[in-house]
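For reference, the structure is listed below as C-alpha cells.
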Amino acid sequence: MKPAAPARSPAQQKGLAKMNSSSSGRRATLACIGSLLALLSGAAVAQDADFSQLPIYREFRDQLAAQGWRPDAGFGLKLPSGKPLYRFPEVLCGPKICHARWLRSGTEKIVTLIRGDLTEEYRVSP
C-alpha cells in the first residue's frame with residue numbers, strides 16, 4: 001500500500017498551480033516559436049525561387065487595360081509631390097509582395113505581384 005501524500009498548505013498548492021501553468025505557458029511559447037521558424041524557413045525558400053517564368057506585370061497591365069479594366073490610382077501610396085511611391089499608382093507593396101487594384105463596371109480585381117528587387121520587373125503571382 002502506498003503512503004498517503006502529506007497535506008499541502010494553501011501556499012504550496014498555489015505554488016504547484018503556478019508551476020503547472022508556467023509549464024503549459026512554456027509549451028505554448030515553444031510551439032509558437034516552432035511555428036514561426038517553419039514559416040520563416042518557407043519564406044526563405046520562396047525568396048530563393050526563380051520567378052522569371054511568371055508574367056511581367058507591365059505587360060499584364062496592358063492586357064487588363066485592353067479588356068476595359070482601369071487601374072485604381074487612389075489605391076497605392078503617394079509621395080508628398082503626388083508621384084506614386086511604387087512604379088504604378090494602383091500598386092501597394094510590402095517587402096516582397098504587392099497588390100494592384102483594378103476597377104471595371106463597379107467590380108474590383110486585385111492582382112497579387114511579386115516585387116523582386118529594385119532593378120527587377122514586378123511579376124504576376126500565380
Taking a hydrophobic cluster as the set of Ile, Leu, Val, Met, Phe, Trp and Tyr residues connected by side-chain heavy atoms closer than 4.5 Å, whether directly or through intermediates, do F60 and L103 fall within one such cluster? no
Determine whether Y57 and E121 make a side-chain contact, defined as any pair of heavy atoms from C-beta on separated by less than 4.5 Å. no
Is the shortest heavy-atom distance from the side chain of I110 to the side chain of W102 under 4.5 Å? no
Let me check something: do V91 and L85 share a hydrophobic cluster, defined by ILVMFWY side-chain heavy atoms less than 4.5 Å apart, either directly or through other members? yes
Are Q67 and L64 packed together at the side-chain level, in the sense that at least one heavy-atom pair is separated by less than 4.5 angstrom? yes
Roughly how far, to the nearest 0.5 Å, is CD of Q63 from CH2 of W69? 14.0 Å
For R104, is there any backbone N or O sitting under 3.5 Å from a side-chain donor or acceptor partner on K109? no
Measure the shortest side-chain to side-chain distance between I97 and L113 over non-hydrogen atoms and say whether it is less than 4.5 angstrom. no
Straight-line distance of R87 CZ to C98 SG, nearest 0.5 Å: 8.5 Å
Should V124 and I56 be regarded as members of a common hydrophobic cluster, given that ILVMFWY residues are connected when their side-chain heavy atoms come within less than 4.5 Å of each other, either directly or indirectly? no
What are the two closest non-hydrogen atoms of R123 and L54, and how far apart are they? NH1-O, 2.7 Å
Between atom CG of D72 and atom CG of L92, what is the distance when rounded to the nearest 0.5 Å? 11.0 Å
For the atom pair CG (L79) and OH (Y86), what is the distance rounded to the nearest 0.5 Å? 10.0 Å
Beyond-backbone contact of R101 with E108, side-chain heavy atoms, under 4.5 angstrom: yes
Salt-bridge criterion met for R115 and E120 (N-O under 4.0 Å): no
CD1/I114 to CZ/F51 distance, rounded to the nearest 0.5 angstrom? 4.0 Å
Looking at H99, R70, R61, which one forms a side chain to side chain donor-acceptor pair (under 3.5 Å) with E90? R61
